[in-house]
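Worksheet: one structure, shown below.
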Amino acid sequence: MKKNLVATLLSGAALLAGTAQAQQMAPPTGSLPPYNARALFNPDYLNQVGPATRTAGGAPAATYWQNAADYQIAASLDDKAARVTANVAITYTNNSPDALPFVWLQLDQNLYRADSRGSAATPLAGSRFGNGARSFQGGDSLQAVTIELHGKKMTANYRVTDTRMQIILPEPLKPHGDKLKINIGYAFNIPEYGSDRLGRLKTQNGEIFEVAQWYPRMAVYDDVEGWNTLPYMTAEFYLDYGNYDYTINVPANFIVGGSGELVNGAEVLTASQAKRLAQSAGSDKTVIVRGPDEVTQAGSRPAGRNGRLTWHFKCQQARDVAWAASAAFVWDAAKMNLPSGRKSLAMSLYPVEAAQDTAWNRSTEYVKKSIEFNSKQWYEYTYPVATNVAGVVGGMEYPGIVFCGAKSRKAALWSVTDHEFGHNWFPMIVGSNERKYPWMDEGFNTFINILSTKDFNNGEYKAIEEVETRMTPGIVRALQDPNMDTPYTVPDVTQARNLGYAAYSKTGFGLYLLRQEILGPERFDYAFRTYIKRWAFKHPQPRDFFRTMNNVAGEDLTWFWHEWFFENWQLDQAVNSVAYVNQDPSKGSLISIENKGQMAMPVTAEITESNGKKTTVRLPVEIWQRGGTWTFRANTTSPLTQVVLNPTNLLPDANRFNNTWRAMKLPE
């Protein structure tokens, strides 16, 4: 989740705004520790033995398995009480080779209990990810919990600990395909502001309800750690895949948007809305399904039964579903053109005032362009619909639907829309563990946002300029902070002010460097696409990514993963001296350079001669395997006037003042 591209590139969060100011950097004070090649180029760094379910090359092995969970949910919204009452029927399939004597579920709404761990861990001043008002009466109220196992139905033997539920089974769930059915009746109150993930927004024509983490969800039992039971406090999620069939009962004047496909449109739409929606499915231009002038017209909604309607959605091969509902929604849509020829639908739901005062009337254009680009560039979008909802949530992603701030404007709305829908690749398609490795979804997504923003309307919002002129100085300053966390850190351990850097910016910028400065776009893109294809709808671990990139790109990048994800080392490349072959400038020049920091990168040197000729020399990172200094020969034919390292200023060099050598001007 994130709010806008510029903030994401600079810091990944507003919390880091003070760290990443775009200024000309002054020379660093003090000196860096001496460079140690052995610490960086460690051949055993990734050679830890992993489970047999994953190959040494980073792919799922023939023995790879993962469990599955299918959900049927019937929910009803009481808009006056801001309360959801529901029943969920879960079919859980144990594909593992292990017998399971118990199972774990997540009760995310229990974060909003006054005595929750998350409440206790929220600072007194509050936070973006806090649990809302401390006096809020939240949490799941469980009505009934039953199970069916091996043909026997019974009341479940369960216990709830904070945001987790453990069901102890009467006999183990057998390996290799045994199934358990769980049925839970429950209810909860919707917080006004739920950790920037769900909540309610009052508008001039009614309240907008954004509802997520709204049903008991199966915890993941995987091949690496077994049950993943970290309590829900501030970080995001790790979920298995399955099929969803769910209904939302709401007042008849409400519009509902949800993950997946609406399967009973004829029952919940007026004839004109159904016609316009069908028209939008064939239109590259945005079509109004329910216009601003219709929101207050009673005839713009069916009467329903007893003043209520039930919306029915299905979402296949997903790890979650979410929905939003309001009487205040303006609704528009347009088709999305996917590489296979399959069509999908981009949609937006927003209040009248958002259409008047912000860029929300361009939201569907943003959705369409973002998803079309990423589908062509990386992997095809998998859902039949993509819905952007304006509400109280600043930015949060779910399969096929995202929540973005109703007050987002122009570039900010593009950025948050592009970022949240980018999450449909990471982690909706590539199902990494956000609870432990947020950089594998937030950071990867920050990277793909750079390319999609560059592509959008031929750079309307200038992504590359932001990277090259503002992101690099921000990364340098963060690397110089001794209190900065590294990306490879459990998010609940990361200091709040460092989360944007550690989870978003450093990873996104690092992948951009890897593509532009180390591998080149062709090799990088092939390797990155291979990673996505290998791990689509599966659960990769960090080393699966590292090894896939190494093997597919044909490059030992262990040094890069080491310095970029596990350390906060600094880069400082310097030009030490210039000499000439046999002291004759016509025979070539000898340029001595030094790696003063512990981080290493390939070298790009721009050489200018007195005859006006410019030459660019590129040296691989392997020159630094032999120590911290290196001398290379350039085929120049006249005296040099200047040598510049890192001429694009893209590398995060801590001291740009020693990157340049200039010939001394002799007095006339």
Side-chain angles (χ1 to χ4, degrees), residues 41-66 220 222-225 238 241 319 374-380 382 422-434 436-451 486-488 503 506-567 602 620-621:
F41 294 96
N42 182 342
D44 296 325
Y45 199 71
L46 285 181
N47 287 353
Q48 299 177 14
V49 177
T53 51
R54 298 159 192 264
T55 71
T63 55
Y64 177 82
W65 57 266
Q66 67 189 44
V220 173
D222 66 22
D223 59 319
V224 177
E225 295 190 20
Y238 183 36
Y241 291 92
R319 47 174 261 163
N374 286 319
S375 293
K376 181 179 179 181
Q377 177 70 18
W378 305 119
Y379 189 97
E380 185 164 297
T382 57
H423 277 302
N424 270 274
W425 282 264
F426 310 101
M428 306 309 169
I429 292 174
V430 181
S432 56
N433 185 348
E434 298 176 275
K436 295 191 69 174
Y437 311 114
W439 55 271
M440 292 185 73
D441 74 290
E442 299 293 1
F444 290 12
N445 193 21
T446 299
F447 161 69
I448 69 173
N449 294 156
I450 297 171
L451 302 187
T486 64
Y488 210 108
K506 192 180 184 187
T507 300
F509 183 69
L511 294 183
Y512 185 71
L513 284 180
L514 187 60
R515 185 180 193 262
Q516 301 303 119
E517 298 288 324
I518 300 171
L519 293 178
E522 185 176 9
R523 281 205 295 163
F524 178 93
D525 290 358
Y526 177 59
F528 202 56
R529 289 174 189 138
T530 300
Y531 167 71
I532 297 171
K533 185 176 180 180
R534 282 179 172 181
W535 290 99
F537 308 105
K538 296 181 177 68
H539 296 315
Q541 293 286 309
R543 283 174 173 78
D544 297 320
F545 170 68
F546 298 149
R547 288 167 172 158
T548 291
M549 295 297 291
N550 285 8
N551 280 258
V552 180
E555 194 79 36
D556 184 359
L557 298 166
T558 306
W559 60 273
F560 179 76
W561 311 129
H562 183 175
E563 70 183 13
W564 203 260
F565 291 91
F566 296 83
E567 309 287 351
V621 73

CD1 of Ile518 to CZ of Arg523, rounded to nearest 0.5 Å, is 10.0 Å
Test ring pair (Phe, Tyr, Trp, His ring centres under 6.0 Å), reference Trp378, set Tyr526, Trp425, Phe528, output is Phe528
Report the residues that fulfil salt bridge (Lys or Arg N to Asp or Glu O under 4.0 Å) with Arg515, sequence neighbours left out, ordered by chain and then residue number. Asp525
Distance in Å, Glu563 CD paired with Asn42 CG, rounded so as to fall on 0.5 Å steps: 13.0 Å
Would a 4.5 Å heavy-atom cut-off, applied to side chains only, mark His423 and Asp441 as touching? yes
Provide the closest heavy-atom pair for Thr507 versus Pro487 in the form atom of the first, atom of the second, distance. OG1-CB, 3.9 Å
Look at the side chain of Thr63 and the backbone N and O of Ala52, then say whether any donor-acceptor pair between them is shorter than 3.5 Å. yes
List the steps, then state whether side chain to side chain contact (heavy atoms under 4.5 Å, CB included) holds for Gln377 with Arg529. CA-CA 8 Å; Gln377 177 70 18; Arg529 289 174 189 138; 3.6 Å; yes
Test item: Ile429 and Thr382 side chains (from C-beta on) under 4.5 Å apart, heavy atoms: yes
Verdict with reasoning, Thr558 to Asn550, per side chain to side chain contact (heavy atoms under 4.5 Å, CB included): CA-CA 8 Å; Thr558 306; Asn550 285 8; 3.7 Å; yes
Contacts of Asp222 meeting salt bridge (Lys or Arg N to Asp or Glu O under 4.0 Å) (sequence neighbours excluded), chain-then-number -> none
Side-chain donor or acceptor of Gln66 paired with backbone N/O of Tyr241 under 3.5 Å: no
Give, for atom CZ of Phe545 and atom CD1 of Ile532, the distance between the pair rounded to the nearest 0.5 Å. 9.5 Å
Once salt bridge (Lys or Arg N to Asp or Glu O under 4.0 Å) is applied, do any residues pair with Glu517, and if so which ones, sequence neighbours excluded? none
Tell me whether the rings of Tyr64 and Trp535 are parallel (<30°), tilted (30 to 60°) or perpendicular (>60°). perpendicular
Once the angle between the rings of Phe565 and Trp561 is folded into 0 to 90°, is it parallel (under 30°), tilted (30 to 60°) or perpendicular (over 60°)? tilted
Stepwise side chain to side chain contact (heavy atoms under 4.5 Å, CB included) check, Thr548 with Arg534: CA-CA 9 Å; Thr548 291; Arg534 282 179 172 181; 3.0 Å; yes
Could you check whether any side-chain heavy atom of Pro540 comes within less than 4.5 Å of a side-chain heavy atom of Tyr531, counting everything from C-beta outward? yes
Do Leu519 and Leu557 touch side chain to side chain, with heavy atoms closer than 4.5 Å? yes
In terms of relative ring orientation, are Phe444 and Phe426 parallel, tilted or perpendicular, with 30° and 60° separating the classes? perpendicular
Are Phe509 and Trp564 packed together at the side-chain level, in the sense that at least one heavy-atom pair is separated by less than 4.5 angstrom? yes
Arg319 side chain to Phe537 backbone, donor-acceptor under 3.5 Å: no
Asn424 and Met428: which non-hydrogen atoms are nearest, and at how many Å? O-CB, 3.4 Å
Is there a side-chain contact between His539 and Val224 in this structure, where contact means two heavy atoms from C-beta onward sitting under 4.5 Å apart? no
Minimum heavy-atom separation for Phe524 to Leu511, with atom names? CE1-O, 3.9 Å
Answer whether the closest heavy-atom distance between the side chains of Gln541 and Asp544 falls below 4.5 Å. yes
Side-chain contact, heavy-atom cut-off 4.5 Å: Pro60 with Arg54? no
